[in-house]
Amino acid sequence: MCGIVAYSGPKDASKILLEGLVALEYRGYDSAGLVTTHSGIFKAVGPVAELKKKVPESVGGSTGIAHTRWATHGVPSELNAHPHEDCGKTIALVHNGIIENYQELKSALQKAGHTFSSETDTEVIAHLYESYKTAGKTPKDAFLATLRELEGTYGIALIDRAHPDVVLVACMGSPIVIGIGDGEHFIASDPSAIVRHTKKVLYLNDGEVAIVTPRECQVMTLGAKKISRAPETIEWEVEEAKKGGHAHFMLKEIMEGPEVLRTSARGRLRPEEGDVKLGGLLSITHELKRIKRITIVGCGSAYYAGLVGKYMLEEYAGIATDIDVGSEFRYRGLPLEEGAAVLAVSQSGETADTLASIREAKRRGLLTLGIVNVVGSTIARETDAGVYNHAGPEIGVASTKAFLSQLEVLALLTIFLGRQRHLSDTEAKRIAKELASIPEKVEKILKNVEPIKRAAERLKGATNALYIGRKYNMPIALEGALKLKEVSYVHAEGYGAGEMKHGPIAMIEPSFPTVAIAPRDSVYAKMISNIEEIKARKGPVIAVATEGDTEIAKKADEVIHIPETHEMLTPILSVVPLQLLAYYVGVAKGYNVDRPRNLAKSVTVE
Ligand code: AGP
């Protein structure tokens, strides 16, 4: 996600814009830029502080727009930083979201003589608006006509130097809020850039447009039908606004899970065809067809996501899949095989151990792929091809929304590779349709947190805990244990439930709780046996079970229900309660769950 700020009023716009960008920097920080109706464009790579160095004391102009970027299309660079202009340099705009049909729009505009200066999807909007203005349309009609051609998501603020006190604003799947001041208006991606000026705000809904001047804010539909709506008053201060009103970034990011799952699949998942389009892999489609073996590498949660991916790829893409933590991969004498590939999973794209593994794989001449969240990061640049998560910046040190996105992208990759091999049309459609329904199933879990809070009450006094699962949910037992360790410092161990008899069951006693992940899947009966063995030794059991399962309630002490889904996709649902469980225990123990002790968000040292 990126940060948009705009202003129209009597004051010096550039000061207000820079201040707003600082408040929004948590939304994206690889580059930033600003422009007013009376200034040139200022851009800088890196944090807003770099932009500040380039902007003179006062650039003039009391109407302007600004942007802090989280790259999705086009690496972080000054060229790709927003604002973007038209050919005539009379229009500038900033955008948050993804324009899915930008390639076809761009080629049509280029054929019509427009020249582009960036690799972004955003720039097509400026040239499209220009083409309508040149055709004689008013700013409003040119803007509406432009928006009607866009497919995908956008939050837009656009200025037209021919109309120096107007900001044209639009919202579709990417938030826009308008602050109403006295003879001035503030526009931003979220209230954290507005609350210091005014608490009176108007949220634009998807499909709405606003024409904003210092004294007016005219809201309408894409069809130009006027809308009148009373403004709201927000009570947040800046810091709370950054967290969307949640107490911590970790909670905010867990709650963002459904939206992140939709964004990660947007323009990629084709449920009706049971297929997937992964633009980042198009250049190596033939090499992918020839792959006979994949080795996944990652660290921490990324490794556990990869472990789920191993089960997916083997069962549904029919590809032998190996996996290793980044720190160990390099010590293996991996035989160089024809058709071998290495897949790195990394949110930051900078984890030293994972990067070292990719470099080792390249040294051995293996095909390297990446599933990475940060566009333009080192792993993204050094792998031969890959798929970006588009999960937006993850501020909490503990990976939550990014982990969900990693599981989803691994499912997309499984369908893609499976369709190249023997995955049947029926099965592919079944998985794809179920994957499309996963975001609303996560929403359902997030709407019923009471059982999770009760489970946290049981765990917060524990000094140890065991997490167990089988098959697709064995990695989720490992991830759930890591989450609890990371944010609450309670020692937790994740185990394949089948291993209980080979040692761990010796630990079971009334003070030693077990979290058992037991959805109705192909290994459910065995999980029930594990739960019974634990109960026979008076161990408390918190079970994650499929909604409607009344059997398990007779055996477990607490039951957290998740909706039914395809077995391959249960990890995306079963991990959500475990993320919240760790969060509630960490908060109950009074720890800083956003910045746990001793941990860094990205481990760039070996
Ligand atoms: C997850 O909660 C941790 N913060 C950590 O294990 C993390 O997943 C690991 O360091 C890998 O980071 P990456 O995804 O950025 O490579």
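Not measured: the values here are computed from a predicted model. Every heavy atom of this structure was used, including side-chain atoms; hydrogens, water molecules and symmetry mates were not. Indexing begins at 1, ligand by ligand and atom by atom, following the structure's order.
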Pull out every atom of ligand 1 sitting under 4.0 Å from any heavy atom of [X], numbered as shown with elements.
X: S301; answer: 1 (C), 2 (O), 6 (O), 8 (O)
X: V397; answer: 4 (N)
X: G300; answer: 6 (O)
X: S399; answer: 1 (C), 2 (O)
X: S348; answer: 13 (P), 15 (O), 16 (O)
X: A398; answer: 2 (O)
X: A302; answer: 8 (O), 14 (O)
X: Q347; answer: 13 (P), 14 (O), 15 (O), 16 (O)

Pair [X]-[Y], side-chain donor/acceptor within less than 3.5 Å:
X: N592; Y: R597; value: no
X: Q579; Y: T400; value: no
X: E315; Y: Y472; value: yes

Scanning both residues in full, the closest heavy-atom pair of R332 with I323 reads NH1-O, 4.2 Å
Note: K483, heavy atoms under 4.0 Å from ligand 1, region reported as side chain
*asked:* Could you tell me if the side chain of I542 sits less than 4.5 Å from the side chain of R454, heavy atoms only?
replied: no
Within the 4.5 Å heavy-atom criterion, are S437 and L435 side-chain neighbours or not?
no
For [atom], closest protein heavy-atom neighbour:
atom: atom 10 (O) of ligand 1; value: V603 CG2, 4.1 Å
atom: atom 3 (C) of ligand 1; value: E486 OE2, 3.2 Å
atom: atom 11 (C) of ligand 1; value: C299 O, 3.3 Å
atom: atom 13 (P) of ligand 1; value: T351 OG1, 3.3 Å

Parallel under 30°, tilted from 30 to 60°, perpendicular over 60°: which one fits the rings of Y489 and Y591? tilted
message = Would you say that more than 12 heavy atoms from the other residues, nucleotides or ligands in this model lie under 6.0 Å from the CZ of R330, or not?
response = yes
With T570 as partner, the option from N473, D521, T546 fulfilling side-chain hydrogen bond (donor to acceptor under 3.5 Å, both in side chains) is N473
